[in-house]
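What follows is a short report on a single structure.
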Amino acid sequence: MTLTVAIKHQFGQFTLDASFNNANNLGVIFGFSGAGKSVTLQMISGLRTPSVGKITLGDRILFDSDSGINIPPGERRIGYLFQDNTLFPHMTVRENI
């Protein structure tokens, strides 16, 4: 399934400008601290919204600023594992999942 990302977002003086196409089902995003790796993944998963651009997964449009499409995170069917501890301590493992 092909993932296509072409997004931009302004964060103060930093501009995130990410564009790639991955048809290999396996990809790696790497870079220096603060380069926008986590933010890019959060935008793909729908946890953050780019200012402009388009994100598609297969034949599904997940985000398209021109068309006003922004599928909610729960409907994207994309898993996202946070790098920080974000479990709710009052919930069981099953409930956190």
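With Glu75 contributing its side chain and Pro72 its backbone, the two residues share no donor-acceptor pair below 3.5 Å. A donor-acceptor contact shorter than 3.5 Å links the side chain of Ser45 to the backbone of Gln42. A distance-only check finds no donor-acceptor pair linking the side chain of Asn24 to the backbone of Leu26 [under 3.5 Å].
The side-chain heavy atoms of Phe32 and Lys37, taken from C-beta on, include no pair separated by under 4.5 Å. Between Ile69 and Phe63, every side-chain heavy-atom pair lies at or beyond the 4.5 Å cut-off. Using a 4.5 Å heavy-atom cutoff, the side chains of His9 and Ser51 are in contact. The side-chain heavy atoms of Ile61 and Lys54, taken from C-beta on, include a pair separated by under 4.5 Å.
The hydrophobic clustering, which links ILVMFWY residues whose side-chain heavy atoms are closer than 4.5 Å, places Leu3 and Ile29 together. Linking Ile, Leu, Val, Met, Phe, Trp and Tyr residues whenever their side-chain heavy atoms come within less than 4.5 Å places Met43 and Phe20 in a single cluster.
Here Leu57 contributes atom CG and Ile44 contributes atom CD1; the two are 9.5 Å apart, rounded to the nearest 0.5 Å.
Across all non-hydrogen atoms, the minimal contact from Ile55 to Pro50 is CD1-CG, 4.4 Å. Between Arg76 and Leu62, the closest heavy-atom pair is NH2-O, 3.2 Å. Minimum interatomic distance between Val39 and Phe11 (heavy atoms only, all atoms of both residues): CG1-CZ, 3.5 Å. Of all heavy-atom pairs between Leu16 and Ala35, the closest is CD1-O, 4.3 Å.
Environment of CE in Met1: sparse, with no more than 12 heavy atoms of neighbouring residues, nucleotides or ligands closer than 6.0 Å.
Residues forming a side-chain contact (heavy atoms from CB on, under 4.5 Å) with Thr4 (at least two apart in sequence, or on another chain): Thr2, Asn21, Thr56.
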